[in-house]
**Q** 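This structure is in C-alpha cells; I'll ask about it shortly.
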Amino acid sequence: DFRTPLHGIMGSSECLQGTPLDAFQSGLINTIETCGKTLLDTFDNLLSFSKINNLTNSNYRRPSVTSIRSEVHRSGSDTLQTPVDLSILAEEVVDTAFAGNEFVRVSPIKSGMTTRAVPAHLTAAHPAKGLEAMTVLLDYDTTKDWVFATQAGGWIRIILNLVGNSLKYTERGCVTIRLDSRELPSPTSVDDVEVLVTVSDSGKGMSDDFLGQSVFSPFVQEDPLSPGTGLGLSIVKQIITSMGGTISVSSKKDEGTQFSVVVCMTRTSQSAESSKSSAVSAVTEMLQSKRINMIIPEGEADETNIVELCRKWFKAPVLCSSEPEEADLYIVMKRHANALAQRLSLRPASANLTSTKPVIVLCKDLVSAHALQSSRSMAAISPVMEYMSQPLAPNKIAKTLMQCLERDNSYGPDLAATPIQTLSRTASISSQRPRARRATSNLSANSSASNPEVVPATPMVEKSGFNHRG
C-alpha cells in the first residue's frame, strides 16, 4: 500500500529528469528522488524491524546483544545487511531532513489544512523563515573508510529522527552532525570499530525533569502542543538497542541539546558503489595548484566556517579579503552578493578580476538560492556562477568545487564568446547507496542526477550577449 504510490512518485520524477529543465526545477526533482529513496529504505527497514523486534512487549525481557544478533541471523534479516558508506548515507539523510524542514517553514500548510499551491509571496522572493539565521553542517574525517556492513534503513531512521528534531527546535545558531570512529580496546576482528554519531544544536533544549524521566518514553513530548506524536526518540532507542549500541543525551534549557549514538560496526572490503572518496580526493588534488578567494566585507563573520572546512577537508587554503584578489575561484556569501554585484557593475570588465573566473555563492536554503539566481544583477560578478545551499558537507562541497573548475576549463580564455555548456549530471547522493537496497523500487538502476542542493547558474539574456541555457 505504501510502496505502490511511492513507486509512482519516483518513476514520475525519473521520467521528468529526461525532459528539458532549468536548474531550479532539476534541483527540486532531485530532492523528490532523494526523499523518495530515503522513504523506500525506511519502509524496508520498518518491515524487517517489525518481524524481529519485540521490545514493545511488556512481558518481553530485554535480550543481550549476542541473542539479538542470533535472532537476526535466524530470521534471515541479516541478508538485508549490505555494504553501506555511512558518510554518504548521512549526507543524503541530512539533505532529506533539511528539505522537509525547509518545506514546512515555507509552506502555508498547517495541521489539518491543505492547499493546492504555495502563494507567490512565499516562493522565490521570500526565503524560508529562520533558515537565514541557522547553519547546518555535517562533518567527518574524509581520510577514513566509512563503508560498513549494516542495514541502511536503520541508520536512516536514526539520523532522520535526530536531525529532524534538531531542525524542528532550533531557530538560530547551528545544527552540527559529526561522524567519528575509534578502535575497540579488544576487538574480535581487525575490522571491528566503534562508530560515534553526534547530533548537536543550539535550540530550545529540554528541562532536567523531562531529560531524566521521559525523553525516550513513547507518545510523550515536553511541549504537548508541539507537532508530532512523540514516538521518534522511542523508536530510535529501540533501533540502536537492536544494533547492540547505546544512545545518550545532554541538554540545557534554552541553550541546546546533544545526542550521542555509539554502535560497534564491522568494516567490509566490498564496495558500496560510492563516489565520495574519488570526488573528495580529486578535488583535493585539483586545488593544490589553485587559489581560492573569499570576498567578505571587513568586520563581517564567516558563520558557515567555509574557510576552515576547505582547509580541513581539502587541504586548500582560502584567502579572505573585502575586494576580489587574484585567484582561480571565488566564494561569496548570499547576503553580500548584491552589494558586490553593484560595486563590480560600476567597473570596466577589464578591472573585474571575477569576470573570467567561477564564483560560488553560499546560500542558506534552496529557495533563496533560486531567488538570487533569478536576479539579472548577478551577471556583473561572473557568467560562471554556482549557488550552493545548506546543509554543508564534504562530498557536496567537493562536487560543487569540481563543477566550478570543470566549467572554468570548458570556457577557455574568452568567456563571452563561448556558449554555456550543459553540465553532465553527476550521480546524486541518493544513487550512491548499495543498489541491492533498490531492487524493490522497479526503477532503472542506471539513472543519475545532479547534487540536489547545488543550483548551477543559468546566465540571463543580457545585452552583453550571454546565451540563455534551457
Side-chain angles (χ1 to χ4, degrees), residues 38 86-87 89-106 127-140 155-180 195-212 214-217 220-223 225-237 239-240 246-262 301-306 308-309 362-366 389-394 396 453:
T38 298
L86 195 59
S87 62
L89 181 142
E91 286 203 26
E92 175 181 346
V93 176
V94 172
D95 271 331
T96 300
F98 186 84
N101 183 266
E102 180 179 358
F103 172 78
V104 169
R105 293 175 187 248
V106 172
K129 180 182 178 182
L131 294 179
E132 285 292 318
M134 188 193 307
T135 299
V136 183
L137 169 68
L138 170 63
D139 186 22
Y140 55 84
W155 280 106
I156 288 172
R157 297 173 71 190
I158 293 169
I159 299 174
L160 194 61
N161 271 286
L162 296 181
V163 176
N165 277 346
S166 290
L167 293 172
K168 178 180 177 182
Y169 294 111
T170 302
E171 288 297 328
R172 58 178 58 252
C174 61
V175 173
T176 304
I177 305 94
R178 282 193 169 88
L179 305 183
D180 198 7
V195 175
L196 172 65
V197 179
T198 59
V199 179
S200 56
D201 63 64
S202 57
K204 62 187 295 185
M206 293 178 280
S207 65
D208 292 338
D209 289 341
F210 183 79
L211 196 63
S214 306
V215 64
F216 294 114
S217 300
V220 176
Q221 295 187 100
E222 186 172 22
D223 180 5
L225 300 180
S226 177
T229 60
L231 274 174
L233 291 179
S234 174
I235 293 173
V236 164
K237 185 176 176 62
I239 295 174
I240 294 171
T246 60
I247 180 172
S248 59
V249 55
S250 60
S251 182
K252 282 191 175 183
K253 196 71 174 177
D254 299 323
E255 291 187 18
T257 303
Q258 176 174 301
F259 284 91
S260 299
V261 177
V262 180
D302 170 24
E303 70 268 14
T304 63
N305 206 24
I306 191 69
E308 176 62 21
L309 296 179
L362 300 180
C363 302
K364 291 290 186 172
D365 57 88
L366 192 60
S389 70
Q390 297 192 93
L392 301 177
K396 178 186 198 173
E453 297 297 333

**Q** Any sub-3.5 Å donor-acceptor pair from E102's side-chain atoms to L366's backbone N or O?
**A**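 Yes, E102 side chain to L366 backbone: donor-acceptor pair under 3.5 Å.
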**Q** For the residue pair V93 and L160, what are the closest heavy atoms and their distance?
**A**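 Residues V93 and L160, closest heavy atoms: CG1-N, 3.6 Å.
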**Q** Closer than 3.5 angstrom, by distance alone: can the side chain of K396 be matched with the main-chain N or O of P391 as a donor-acceptor pair?
**A**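 Yes, the answer is positive, given that a donor and an acceptor are paired below the 3.5 Å cut-off.
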**Q** Excluding sequence neighbours, so at least two apart, what forms salt bridge (charged side-chain N to carboxylate O under 4.0 Å, His left out) with D302?
**A**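 Per chain and number, D302 pairs via salt bridge (charged side-chain N to carboxylate O under 4.0 Å, His left out) with no residue.
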**Q** Give a yes or no answer on whether the side chain of K364 reaches the backbone of S389 with a donor-acceptor pair at less than 3.5 Å.
**A**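 Looks like no, no N/O pair under 3.5 Å.
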**Q** List for me each residue that meets salt bridge (charged side-chain N to carboxylate O under 4.0 Å, His left out) alongside E308, sequence neighbours excluded, and say none if there are none.
**A**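 Only R311 meet the salt bridge (charged side-chain N to carboxylate O under 4.0 Å, His left out) criterion with E308.
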**Q** Report yes if the side chains of F259 and T257 come closer than 4.5 Å at any heavy-atom pair, otherwise no.
**A**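 Yes - at least one pair of side-chain heavy atoms lies under 4.5 Å apart.
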**Q** Can you confirm whether F216 sits close enough to I247 that some side-chain heavy atom of one is under 4.5 Å from a side-chain heavy atom of the other?
**A**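 Yes, at least one pair of side-chain atoms sits under 4.5 Å.
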**Q** Which heavy-atom pair separates L167 from V175 by the least distance, and what is that distance?
**A**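 Heavy-atom minimum between the residues: CD2-CG2, 4.1 Å.
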**Q** Determine whether L392 and V136 make a side-chain contact, defined as any pair of heavy atoms from C-beta on separated by less than 4.5 Å.
**A**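 The answer is no, as the side chains (C-beta and beyond) never meet within the 4.5 Å cut-off.
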**Q** For K252, what residues pass the salt bridge (charged side-chain N to carboxylate O under 4.0 Å, His left out) criterion, not counting sequence neighbours?
**A**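 Counting only residues at least two positions away or on another chain, K252 forms no salt bridge (charged side-chain N to carboxylate O under 4.0 Å, His left out).
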**Q** Compare every heavy atom of V220 with every heavy atom of S214, then report the nearest pair and how far apart it is.
**A**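 Closest pair (atom of S214, atom of V220, distance): CB-CG1, 3.7 Å.
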**Q** Mind checking whether D201 and V199 have side chains closer than 4.5 Å, heavy atoms only?
**A**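 The answer is no; the side chains never approach within 4.5 Å.
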**Q** Under 3.5 Å, is there a donor-acceptor pair between the side chain of S251 and the main chain of G256?
**A**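 Yes, S251 side chain to G256 backbone: donor-acceptor pair under 3.5 Å.
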**Q** Under 3.5 Å, is there a donor on one side chain and an acceptor on the other for Y169 and E222?
**A**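 There is no such pair (donor and acceptor under 3.5 Å, judged by atom type) between the side chains of Y169 and E222.
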**Q** Are side-chain heavy atoms of Y140 and R178 found at a separation under 4.5 Å?
**A**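 Answer no - side chains too far apart.
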**Q** Which heavy atom of S202 sits nearest a heavy atom of G173, and at what distance?
**A**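 Answer, listing the atom of S202 first, then G173: OG-CA, 3.2 Å.
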**Q** If you compare all heavy atoms of K168 against all heavy atoms of N101, which two are closest, and at what distance to 0.1 Å?
**A**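 What the structure gives for the nearest pair is N-ND2, 3.9 Å.
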**Q** Report yes if the side chains of L162 and I177 come closer than 4.5 Å at any heavy-atom pair, otherwise no.
**A**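 No; the side chains remain at least 4.5 Å from each other.
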**Q** Evaluate the side-chain proximity of N165 to L233: yes if any heavy-atom separation is below 4.5 Å, no if none is.
**A**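 They are in side-chain contact.
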**Q** One pair to check against side-chain contact (heavy atoms from CB on, under 4.5 Å): V236 and R157. What are the steps and the verdict?
**A** CA-CA 7 Å; V236 164; R157 297 173 71 190; 5.9 Å; no
**Q** Less than 4.5 Å apart, side chain to side chain, heavy atoms only: is that true for Q258 and S248?
**A**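 Side chain of Q258 against side chain of S248, heavy atoms only: no contact under 4.5 Å found.
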**Q** Salt bridge check: are E303 and R172 linked by an N-O gap of less than 4.0 Å?
**A**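 Between R172 and E303 there is no salt bridge, as every charged N stays at least 4.0 Å from the carboxylate O atoms.
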**Q** For residues S87 and L179, report the shortest heavy-atom separation together with the two atoms involved.
**A**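 Heavy atoms only, the tightest pair is CA-CD1, 3.7 Å.
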